[in-house]
Asks: 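A single structure is presented below for examination.
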Amino acid sequence: MAQNPPLWGVRGAFMKRFIGFIKKEFYHIFRDRRSLFILFGMPIAQILLFGFAITNEINNVDIAILDHSKDNTTEEIINKIAASKYFSIKQMITREADIASVFQKGQVKAVLNFEKDFGRNLIKDHKATIQIITDATDPNTANTITNYLNAILQQYQKELNKDITIAYQIIPQTRMVYNPELKSVYMFVPGVMTIILMLVSAMMTSISITREKELGTMEILLVSPLKPFQVIIGKVIPYIFLSIINAVVIVMLSIFIFNMPVQGSLILLGLESVLFIITSLALGILISTISATQQTAMMISLMGLMLPVILLSGFIFPISSMPMPLQIISNIIPAKWFIIILKAIMLKGVGMQFIWKETLILLGMTVFFIALSVKKYRIRLE
Amino acid sequence: MLPIIFVLPLLQLVILSNAATFEVKNIKFGYIDNDHSSTSRALIEKFNASTYFDVLTDFPSEAKASSAMLKGEIDVVLEIPRHFARDLQKEKHSSLGVTINAIDGAAAGVENVYITQIIQSYNKNIRTDLAQISDAQIQPVIIDAIPLFWYNETLNYKTFMVPGILVLLVTMITLFLSGMNIVREKEIGTLEQINVTPIKKSQFIIGKLFPFWVIGMGLLTVGLILARLIFNVPMLGSLALMYVYTSIYILVVLGIGLFISNFTDTQQQAMFIAWFFVVIFILMSGLFTPIESMPKWAQIITEFNPIKYYVEVMRMVMLKGSGFKDILPQLIKTLVYAIVMNGLAVWSYKKTI
Amino acid sequence: MNKVIQVEGLTKMFGDFTAVDAITFDVKKGEIFGFLGANGAGKTTAMKMLIGISNPTSGKATVAGFDVYTHAEDIKKNIGYMSQKFALYDDLTVKENITFFGGIYGLSRKRIKEKSEALIKELGLEKVASQLVGSLPLGWKQKLSFSVALIHDPKIVFLDEPTGGVDPITRRQFWEMIYKAANQGTTVFVTTHYMDEAEYCDRVSIMVNGKIEALDTPKKLKEQFQAESMNDVFLKLARSPSPALPKGKGVNVGENYNNGTKSSPLGS
């Protein structure tokens, strides 16, 4: 051994080795133009598409009218409804039996059924009845449609009663905070940002690590003096950079295209995003340690992550309305905490003192994923 | 791999179907009572009794309440002003501050409706309590709107979501598997081996895709059984029709998968592209958010979304009992889609190799 | 320190299955040691224990003077390894691959530059030095892969079925490279199932069902088994009942030997 001086022993060599490794990883990424294009193009396309298209507001819902009365009052109400942007009157039907058939063909979502002598009853009895029949196969939409139609009817009723002052009433002064115009973009943009960062990061790392396994180069790396964790860190660092670029682009789009405010600190937003990216990458590493092929890694990261992230993170559906067991499960979804953080910083404008708990949870998850990966990794080498 | 193909999706079907509700309940609620009168307490008691409002917290000051809202501990704050009861007696009306966290705009709207309803019913009570006969002026007119929820009176969203989520799972599994398959052989180098054998390309493709078709149908079957047993989702229409449609639909998905596979060099590329389309297909399928609410151009895009048709058909047949004639438009579009996609797939397969 | 690899009773179990069954042997410095066996006989598993990426179940082993249990990291610095997949990065150029592997073994930039120039020249790869490795023919990749495994002048180089899928001329050239490395003092530990290659080794061991059934110079083995070639030696050994080996797949020596030009389509 004495005649063969160790080539690796120098401390400084570590960094050099490491930089060489990262450089190689960047070569992989930049050589694969198509993946690179998808990597950057996809998030942009998705956030634009979804920012505009996904909304749970009601717009231009097709409805049908069954008017047994056909008087001035019903005509006024129908005009009011037609004038609102929420509904468009698709057809007038004449028989009760037609209701079932228009629903079955899926042509309309709701039918308004005016009773006979609607206008006359209103004058004579001060009371008239109307049925709001909704196709409740989609209960969520049916409920919203009913609420909206109700609001229009109430408004009309108020106009009729405008000369009468009602005594003894409490008048609520309602203030909608953080999102006074009730834009659903405010709700969905943070969600889309989260799902993109999460899936891209987890998928990229798990694939790129299993790829080396599949091609046999991982074996060569393990036989080299590089320590396993150095290999992993070296593979992950380039993806941290890429994901940060993605995050920056998404935030810029949210601000400039969707007019999302950033009430809080942009620096804090950046730091939290980096934390979440690292959490996702750590999850990707964990996935790669338990899968031998790219195929398995991808199926796990896509099948295992996509739906839970969409459904249990509070991205579309409010977590507080879910059954208790699901509310508990939702706590293990990192995306849930990041969405809370994003909304808090961007819309509420709060600082660290309000989100330290969520931040700690993400940090804890990251450590857990990494610790578990290291353990799994060792086991694989037995 | 097998657990990922079967267990993971079915587990998700059972668990996640419970999550997809826009229902707003368990609203985290707080109040600031500056009046401390029996009237104000009675109003709070009204909210307390409602099933929609969950945690009732009494905040001593507005600052405390707004800090709690920033932390996300409460979503609605009711602020009862001083002299609330006195104003109501003397001025015959009184105001009430309501603050709603509106980040989730839709939920905020619903919360507002609930609050208004409670206050209105409270108004009615005090009117009967306080009103003297002389106050009775002209009677106001009332339009009595009776909501009727057809096909799903209890607004059980699970019967709605289960078929939709089943659609997603069938689609995702078959698309990912088929999308990766050929490119995987390309990457490993076995495709070359196949190409020198006398097997015809079309035979090869059918041979490759048939197992995935079977997996898709199998997943549908198990999923339908679970939907019936666990969620009690009705099957009003014809089961045979469901299978006929699904068998064509899976061909569309396999065609897309094969097409992606042919145009990519690595599994990584194939998966990224498949992922891109799946996310778009899912979120624009009308499964979670209504298509009618999308802008016109987005609605046009959804016309090219196979998941949209499948979700529609699944819900129509299972929940409304729609027949062959009702789903004919979707069936024809899907059939055309299947022919085009598989045509493209076979064509591109011949070209690339 | 004449013996660079010393193995005693080395065993690896996967559950109930004994993949490597108490093997004992040693390898001298500068030797070309052939590690023979049919597919599935346990060669690769045994080798993985020696190069420190698989922990033995029991037994003793030292490589380059280091214990495989406690000093795996030191072993890694002293050995080179070439896997049966000639694992280089297809999407990196020849130069980039050399630079990368030189880098992870901690060579200085200057040394990497010298090495890669010398290496490219020696292999005659000047024209393709800036091409992606993926576009090179298999034989070139194999030679490059071997040179890369030697880039840090290791004491021992482990070759795992290094000649699978390459043509006989390249195989011949490849063995010349092995001889050259051995002459310069590098110990070569090579697994193969091509029996004609076994004749090139200084000593060979033959593994059957996880056990080493024979170990000596090719010449002595032929005498011992009264066989004309290593192929016959192998067949005589392999003919003893071996339930773990599926028939027809395990040993493809006959074909290879009879017309030495044909390469096996089967990797192990």
Side-chain angles (χ1 to χ4, degrees), chain A residues 1-36 207-208 211-235 238 377-382, chain C residues 1 12-14 44 47-57 64-66 72-93 96-97 99-109 111-112 132 134 145 148-149 151-155 158 160 185 267:
Chain A
M1 253 208 296
Q3 79 273 23
N4 203 358
L7 302 152
W8 55 86
V10 201
R11 277 277 156 88
F14 169 74
M15 267 326 277
K16 216 184 297 162
R17 228 186 274 172
F18 205 57
I19 289 167
F21 197 96
I22 293 170
K23 215 155 96 188
K24 163 225 150 203
E25 210 53 41
F26 271 117
Y27 282 138
H28 288 319
I29 296 166
F30 289 119
R31 292 273 153 79
D32 186 355
R33 287 280 154 78
R34 248 185 275 189
S35 287
L36 195 66
I207 289 173
S208 88
R211 190 180 163 80
E212 298 235 14
K213 277 194 207 168
E214 222 170 48
L215 296 179
T217 44
M218 188 53 100
E219 214 175 51
I220 307 279
L221 295 179
L222 289 177
V223 175
S224 83
L226 278 180
K227 299 224 163 49
F229 82 87
Q230 294 172 337
V231 173
I232 301 295
I233 302 278
K235 287 203 74 71
Y377 208 86
R378 291 235 174 91
I379 290 166
R380 274 199 66 79
L381 298 184
E382 289 296 304
Chain C
M1 220 180 77
K12 177 81 183 186
M13 317 256 302
F14 294 108
T44 303
M47 179 145 110
K48 281 188 173 162
M49 288 191 275
L50 297 181
I51 60 179
I53 58 173
S54 176
N55 288 336
T57 311
F66 297 106
E73 293 308 314
D74 291 311
I75 292 176
K76 287 176 182 177
K77 290 167 190 164
N78 283 289
I79 59 167
Y81 172 58
M82 171 181 170
S83 82
Q84 40 190 308
K85 291 179 181 168
F86 323 141
L88 297 163
Y89 291 100
D90 278 353
D91 56 345
L92 299 188
T93 66
E96 283 162 358
N97 264 295
T99 311
F100 170 69
F101 282 106
I104 63 171
Y105 279 96
L107 267 58
S108 71
R109 203 163 298 164
R111 184 114 178 87
I112 291 175
L132 297 187
S145 183
V148 162
I151 194 154
H152 55 296
D153 302 316
K155 290 197 183 125
F158 288 85
D160 189 9

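Numbers restart at 1 for each chain; the letters A, B, ... are given by sequence-line order, proteins then strands.
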Asks: Looking at C/Arg109, C/Lys48, C/Met82, which one has more heavy-atom pairs under 4.5 Å with chain A than the rest?
Replies: C/Lys48
Asks: In terms of heavy-atom proximity below 4.5 Å to chain A, should C/Phe101 be classed as side chain, backbone, both, or neither?
Replies: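 Contact with chain A: side chain only.
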Asks: Using every non-hydrogen atom in the two residues, find where C/Glu73 and A/Pro225 come nearest and quote the distance to one decimal.
Replies: OE1-O, 4.0 Å
Asks: Can you measure from NZ (A/Lys24) to CD1 (C/Ile104) and round to the nearest 0.5 angstrom?
Replies: 8.0 Å
Asks: I'd like to know whether A/Glu212 forms a side-chain contact (heavy atoms from CB on, under 4.5 Å) with C/Tyr89, so could you lay out the CA-CA distance, the side-chain angles of the two residues, the decisive distance to 0.1 Å, and finally the verdict.
Replies: CA-CA 9 Å; A/Glu212 298 235 14; C/Tyr89 291 100; 2.4 Å; yes
Asks: If I compare all heavy atoms of C/Ser83 with all of A/Gly216, which pair ends up nearest, and what's the gap?
Replies: OG-O, 4.5 Å
Asks: Any chance you could measure A/Tyr27, atom OH, to C/Asn97, atom CG, to the nearest 0.5 Å?
Replies: 11.0 Å
Asks: To the nearest 0.5 Å, what is the distance between CZ on A/Arg31 and OG1 on C/Thr93?
Replies: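 Going from CZ on A/Arg31 over to OG1 on C/Thr93, the span is 6.0 Å.
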Asks: Sub-3.5 Å donor-acceptor pair from the side chain of C/Lys76 to the main-chain atoms of A/Leu226, do we have one?
Replies: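 Answer holds: no.
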Asks: Does a side-chain heavy-atom distance below 4.5 Å link C/Thr99 with A/Lys23?
Replies: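 The answer is no, as the side chains (C-beta and beyond) never meet within the 4.5 Å cut-off.
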Asks: Looking at C/Ile51, C/Leu92, C/Ile75, which makes the most heavy-atom pairs under 4.5 Å with chain A?
Replies: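 The option with the most such pairs is C/Leu92.
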Asks: Which atoms of C/Phe100 are under 4.5 Å from chain A, going by heavy atoms: the side chain, the backbone, both sets, or neither?
Replies: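 For C/Phe100, the side chain is the part near chain A, not the backbone.
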Asks: How far does CG of A/Leu222 sit from OG of C/Ser54, to the nearest 0.5 angstrom?
Replies: 11.5 Å
Asks: Hey, could you give me the CZ/CG distance between A/Arg211 and C/Asp91, rounded to the nearest 0.5 Å?
Replies: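 Atom-to-atom, A/Arg211:CZ and C/Asp91:CG are 6.5 Å apart.
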Asks: Go through the steps to decide whether A/Val223 and C/Ile79 satisfy the test side-chain contact (heavy atoms from CB on, under 4.5 Å), and finish with yes or no.
Replies: CA-CA 8 Å; A/Val223 175; C/Ile79 59 167; 3.8 Å; yes
